[in-house]
Amino acid sequence: MPAPEKFTSFIDQHADDFIQRLKEAVAIPSVSGDPKHRPDVFKMGSWLQGQLESLGVQTKQVDLGKHIMDGQELQLPPAILGRIGNDSRKKTILIYGHYDVQPANKSDGWDTEPFTLVVDNETGRLIGRGSTDDKGPILGWLNVLQAHKALGLELPVNLRFCFEGMEESGSEGLDELISSEAAKGKAGWFGGVDAVCISDNYWLNTRTPCLTYGLRGLAYFKLTVSGPARDLHSGAFGRAVHEPMTDLVILMSKLVAPDGRILVPGVDEMVSAASDEEKKLYDKLDYSIADIEEAVGAPIALSSDKSAVLMGRMRYPSLSLHGIEGAFYGAGAKTVIPASVSGKFSIRLVPPQTPEAVEPLVQAYLLAEFKKLNSKNKLNVENLHGGKPWIADYKHWNYQAGIKATEAVYKQTPDLTREGGSIPVTLTFAESLGVNVLLLPMGRGDDGAHSTNEKLDKSNFIEGSKLLGTYLYEVGAATA
Ligand SMILES: C[C@H](N)C(=O)N[C@@H](Cc1c[nH]cn1)C(=O)O
Ligand SMILES: [Zn+2]
Ligand SMILES: [Zn+2]
């Protein structure tokens, strides 16, 4: 039997073992955005390093230094670098993924414990935080390595790995590591890399695999209004003092219109309108209003025009309001005037926008709007983190390999999509290493990444593992 077929049948035969390994990974609550889970993020990094080592990968942990989160100085989780294969006749592919996850509590509305992977045999779903973002895909690469090691098969390419534990919190420290390794040239960890592959996004729908050639960038803001020295009784001080929450809610209401238009002057205006020609690209994608309604679980699409919805997600910037820190949110009816409240919002960016260009517009606008309130409270606007948007050349051999692999595994030609989310390190790899980057997603559009009941379909985990390995074979066979 040819090597690729031996490989894929091994994946089928060991599906249960792979799910067991995913269970172990999900059980480690590696939430990078919560200081109390920082030890778990370290634990997850070490677990991953152990797995890679046991599969024959040479690894090292790179200390990325310290940072401040919620006023505390914390050690950043390490980058886990790996390498296997050094055959100058083969191409070298760098794999990136992240081992941290978004926060999750059962009380957010999960049906099951978020950090216990539940295998729902009726629906074929593997439910748990990180199942699709991004532990499932990372483990997909481990499955590929395990199959080759167990079968005594040579990998068709040399592999380099870069796994980080801060992607969900701004990838702090990683750009510096990549730039310094890139500056070492051939001697650096990424020396000789021909292309990069990242599996950290999702299909557009639930039926058609896709390759992704664009990501939106991000500028994340924290807007704080503070006034009284302490929380106040609203009976004693209501209508007697300027209330921070009142100011904050007014300011937040001025950021985005209900139809999605960004109200910060100059932000939407940076992006040119799509031509009729370009709109056709979106019309061709396998997508319908029913898909978005299914993915979000309600009939709330901003438009009934499919290409308008797709361009809102991929081609235009968006501004979302995420939450208010310091506000009363518990059960009951507490009659409090919070002393200080912070609104969190972010802007997803598209070319030619950058966080550096957008930030002063946001600062100036909020300051001007705050002035109009004639409030004696204090305003502070911070930019918590950000990243630039990215677009790749999808005619490159790296994409051709992804297309052929998808056709081989799924018997379908993948859609070519842009992603609404952000993976800031993608552009850093493309620019620092000067190579093509391919996004090769494993999960489906209804996986609920960052949401409650996040899942990865078992079939996507298993076929997706085959896809990653088959992609390596296609790269190995590519002539360019
Ligand atoms: C697309 C990727 N799987 C992802 O979820 N990225 C995050 C990155 C981020 C930045 N700040 C917080 N998280 C995203 O797009 O939200
Ligand atoms: Zn992710
Ligand atoms: Zn994520």
Side-chain angles (χ1 to χ4, degrees), residues 25-26 29-34 37 41 44 48 67 69-70 76-77 95-104 114 128-141 162-175 197-204 210-222 295 313-314 317-323 344-350 355 358 382-390 392 417-429 437-452 454-456 460 464:
V26 167
S30 49
V31 180
S32 56
D34 183 347
H37 279 299
V41 189
M44 184 65 207
L48 180 58
H67 76 138
M69 183 177 269
D70 293 348
L76 285 163
I95 308 298
Y96 161 88
H98 64 91
Y99 62 85
D100 62 320
V101 293
Q102 287 277 324
R129 174 57 89 224
S131 54
T132 194
D133 183 13
D134 186 32
K135 291 180 176 175
I138 286 188
L139 268 63
W141 294 111
C162 176
F163 293 125
E164 67 156 321
M166 278 298 282
E167 195 270 351
E168 300 291 12
S169 303
S171 291
E172 285 188 59
L174 194 64
D175 277 2
C197 181
I198 299 177
S199 188
D200 183 23
N201 68 304
Y202 326 97
W203 299 352
L204 256 189
C210 66
L211 306 187
T212 304
Y213 63 95
L215 286 163
R216 291 198 287 190
L218 185 75
Y220 200 112
F221 295 93
K222 177 177 177 180
R313 165 177 169 166
M314 303 174 177
S318 62
L319 190 154
S320 301
L321 307 177
H322 302 301
K344 311 276 181 76
F345 67 95
S346 72
I347 307 182
R348 299 284 176 173
L349 309 172
V350 298
V358 161
E382 292 165 81
N383 185 353
L384 295 188
H385 63 259
K388 290 181 190 155
W390 158 86
T417 65
R418 283 167 65 171
E419 170 72 52
S422 313
I423 310 173
V425 75
T426 311
L427 185 71
T428 315
F429 280 130
V437 185
L438 161 69
L439 260 58
L440 188 55
M442 176 179 267
R444 301 184 189 184
D446 66 346
D447 280 356
H450 294 204
S451 180
T452 49
E454 175 181 346
K455 59 88 177 166
L456 175 65
N460 283 60

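Computed from heavy atoms alone, side chains included, the values below leave out hydrogens, waters and symmetry copies. Note that this is a predicted model, so its numbers are computed, not measured. Each ligand, and each atom within it, is numbered from 1 in the order the structure gives.
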Visitor: What atoms of ligand 1 come closer than 4.0 angstrom to any heavy atom of G421?
Guide: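 Going through ligand 1 atom by atom, the ones under 4.0 Å from G421 are 15 (O).
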
Visitor: Considering only the protein, which heavy-atom contact is closest to atom 1 (C) of ligand 1, and what is its distance?
Guide: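 It is D200 O, 3.4 Å.
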
Visitor: Are the side chain of N460 and the backbone N or O of M442 linked by a donor-acceptor pair below 3.5 Å?
Guide: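 Such a contact is found between N460 side chain and M442 backbone.
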
Visitor: Could you tell me whether the side chain of E172 and the main chain of L76 form a donor-acceptor pair under 3.5 Å?
Guide: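 Between the backbone of L76 and the side chain of E172 there is no qualifying donor-acceptor contact (under 3.5 Å).
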
Visitor: Cut-off 3.5 Å, side chains only: do Y96 and E164 have a donor facing an acceptor?
Guide: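 Checked: Y96/E164 side chains pair up, N/O donor to acceptor below 3.5 Å.
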
Visitor: For atom 11 (N) of ligand 1, what's the nearest protein heavy atom and its distance?
Guide: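 Result for atom 11 (N) of ligand 1: H385 NE2, 2.8 Å.
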
Visitor: Provide, to 0.1 Å, the distance between atom 10 (C) of ligand 1 and the closest protein heavy atom, together with that atom's residue and name.
Guide: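 Atom 10 (C) of ligand 1 sits closest to the protein heavy atom L218 CD2, 3.3 Å.
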
Visitor: Tell me whether ligand 1 is touched by D133 - counting only heavy atoms on the residue side and a distance under 4.0 Å.
Guide: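 Within the 4.0 Å threshold, so yes.
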
Visitor: Identify the protein heavy atom lying closest to atom 6 (N) of ligand 1, giving its residue, its atom name and the separation to 0.1 Å.
Guide: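 Answer, as residue, atom name and distance: S422 O, 2.8 Å.
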
Visitor: Ignoring hydrogens and angles, tell me if any N or O in the side chain of S422 forms a donor-acceptor pair with the backbone of R216 under 3.5 Å.
Guide: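 Yes.
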
Visitor: For atom 5 (O) of ligand 1, what is the closest protein heavy atom, and at what distance to 0.1 Å?
Guide: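 Going atom by atom, the protein heavy atom closest to atom 5 (O) of ligand 1 ends up being H450 NE2, 2.9 Å.
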
Visitor: Answer yes or no: is there a donor N or O on one side and an acceptor on the other, between the side chain of S30 and the main chain of Y99, under 3.5 Å?
Guide: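 Here the side-chain-to-backbone pair exists.
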
Visitor: Test your reading of the model: is there a side-chain donor-acceptor pair from D100 to the backbone of E167, 3.5 Å cut-off?
Guide: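 Indeed, once roles are kept as given, a pair shorter than 3.5 Å links the two residues.
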
Visitor: Backbone N or O of L440 within a donor-acceptor pair of the S199 side chain at under 3.5 Å?
Guide: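 Checking the backbone N and O of L440 against the side chain of S199, a donor-acceptor pair under 3.5 Å is found.
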
Visitor: So, using side chain to side chain contact (heavy atoms under 4.5 Å, CB included) as the criterion, who are the partners of Q102 when residues are at least two apart?
Guide: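 Here the qualifying residues are R129, E168, H450.
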
Visitor: Go around the Zn ion (ligand 3) and count every protein N, O or S atom nearer than 2.8 Å.
Guide: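 If we list every protein N, O or S atom nearer than 2.8 Å to the Zn ion (ligand 3), we get 4.
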
Visitor: Applying side-chain contact (heavy atoms from CB on, under 4.5 Å) between T212 and each of I423, L204, T417, report the one that passes.
Guide: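 Going through I423, L204, T417 one by one, the side-chain contact (heavy atoms from CB on, under 4.5 Å) with T212 is satisfied by T417 alone.
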
Visitor: Could you tell me, atom by atom, which parts of ligand 1 come under 4.0 Å of a heavy atom of I423?
Guide: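 It comes down to these atoms of ligand 1: 1 (C), 2 (C).
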
Visitor: Please state which protein non-hydrogen atom is closest to atom 12 (C) of ligand 1 and give its distance, to 0.1 Å?
Guide: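 Scanning the protein heavy atoms, the shortest distance from atom 12 (C) of ligand 1 goes to E168 O, 3.0 Å.
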
Visitor: When rounded to the nearest 0.5 angstrom, what distance separates CG in D446 from NZ in K455?
Guide: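 If I round to the nearest 0.5 Å, the distance is 3.5 Å.
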
Visitor: With distance as the sole test, does D134 use its side chain to make a donor-acceptor pair with the main-chain N or O of G97 at under 3.5 Å?
Guide: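 No, because the side chain of D134 does not come within donor-acceptor range (under 3.5 Å) of the backbone of G97.
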
Visitor: Decide whether an N or O pair under 3.5 Å exists between Y202 and ligand 1.
Guide: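 Yes, there is a polar N/O contact under 3.5 Å.
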
Visitor: Which heavy atom of the protein is the closest neighbour of atom 9 (C) of ligand 1, given with residue, atom name and distance?
Guide: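 Scanning the protein heavy atoms, the shortest distance from atom 9 (C) of ligand 1 goes to E167 O, 3.8 Å.
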
Visitor: Nearest protein heavy atom to atom 15 (O) of ligand 1, by residue and atom, and its distance?
Guide: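 Among all protein heavy atoms, the one nearest atom 15 (O) of ligand 1 is R348 NH1, 2.7 Å.
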
Visitor: Got a second to check how far L48's CG is from F163's CZ, nearest 0.5 Å?
Guide: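 L48 atom CG to F163 atom CZ measures 5.5 Å (nearest 0.5 Å).
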
